[in-house]
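Report on one structure; see the data block that follows.
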Amino acid sequence: GLTDYPPRFQFIIDLLESNGFKYEIIKFKHDRYPLTFFYNIYIKGDGNKMAIAHHDVYNHNSDNANDNSASIINCLVLKKMIPNLNIAIIDGEEPPCMGIGSKKLADDINDGYFGNIKYVLNLELTGIGGKSFFVGKMGSKLEKIIVDMFDPFVTDVPFNDSYILLENGIDSAVVTTLPIKNGEEDYSVMYQIHTMRDSAQSISTDDMQLFVEEVASKLLK
């Protein structure tokens with residue numbers, strides 16, 4: 001029978017359907033939340049690289065435009081640009097879940113569900129900033145590739161799904177775009193997440209396109 005998905009998740013499914021993506025919904029549970037279902041979406045390719053973005057939200061009243069709707073859109077655009085790319089749109093990143101979806105993804109990667117995956121690029125808050133971005137300081141091989149290719153700012157980052165992937169032996173790095181204001185990185189956008197200010201007006205489709213074309217696609221081709 002039909003499943004009643006949460007409205008936000010249903011919106012993503014409708015987006016996939018209307019754009020002709022072939023996808024799979026992975027429905028799973030976690031011991032910590034026995035009454036809750038979690039949902040990952042996998043769009044498989046026959047390449048060895050993957051882009052991911054989490055779809056769950058912390059504040060259900062907000063647009064959640066930068067955290068993390070923009071990154072979901074960016075993943076789908078990347079898939080259109082690079083047909084052999086693997087995509088995962090995953091659940092359970094935000095508190096209190098902290099990586100339930102990425103642990104499921106890690107298990108599925110390690111079980112060979114996607115074939116051989118060389119690395120996973122995690123898009124987190126990629127709605128504004130374009131080519132200006134930072135990479136999370138986690139010491140991964142992919143982080144070094146990104147630094148060698150783009151020389152971005154490297155900084156400590158809070159919990160994100162790349163931590164779980166790395167813990168499970170999967171090479172990964174997280175990237176976040178940041179606008180430049182008066183020659184300096186503008187961190188004010190970071191303080192909008194989880195608030196009502198994370199609105200559709202706070203991101204830029206031009207910046208998203210620039211990021212996908214000039215940064216992400218070059219790492220994933």
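Sequential numbering from 1 along the given sequence is applied to the chain's residues.
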Scan N122, N68, T176 and name whichever one has a side chain to side chain donor-acceptor pair (under 3.5 Å) with N160.
N122
Considering residues, nucleotides and ligands other than F11, do more than 12 of their heavy atoms fall under 6.0 Å from its CZ?
no
Does anything in residues 88-140 form a ring-ring contact (aromatic ring centres under 6.0 Å, His included)? List the pairs, not counting sequence neighbours.
Y42-Y113, Y42-F114, F133-F150
Assess whether atom NZ of K44 is packed by more than 12 heavy atoms of other residues, nucleotides or ligands within 6.0 Å.
yes
Of all pairs that satisfy ring-ring contact (aromatic ring centres under 6.0 Å, His included), the ones with a partner from residues 59-94, not counting sequence neighbours:
none
Flag for N168-N110: side-chain donor and acceptor within less than 3.5 Å
no
Around K118, counting heavy atoms of other residues, nucleotides and ligands shown, do more than 12 lie under 6.0 Å from its NZ?
no
Can you tell me if N19 uses its side chain to pair, donor with acceptor, with the backbone of E17 under 3.5 Å?
no
Other residues, nucleotides and ligands only: do more than 12 of their heavy atoms fall within 6.0 Å of OH on Y58?
no
Checking S69 against R8: is there a side-chain donor and acceptor pair closer than 3.5 Å?
yes
Any donor-acceptor N or O pair under 3.5 Å, side chains D186, S188
yes
Decide whether H54 and D67 meet the rule of one side-chain donor and one side-chain acceptor closer than 3.5 Å.
yes
Between the side chains of T126 and N74, is a donor N or O closer than 3.5 angstrom to an acceptor N or O?
yes
Assess, by modelled atom type and distance only, whether the side chains of T195 and D198 contain a donor and an acceptor separated by less than 3.5 Å.
no
Between F37 and Y39, how do the two ring planes meet: parallel, tilted or perpendicular, split at 30° and 60°?
tilted
Is there a donor-acceptor contact under 3.5 Å linking the side chains of H55 and E93?
no
Under 3.5 Å, is there a donor-acceptor pair between the side chain of D108 and the main chain of A106?
no
Any link between V174 and L165 through a network of hydrophobic side chains (Ile, Leu, Val, Met, Phe, Trp, Tyr) touching at under 4.5 Å?
no
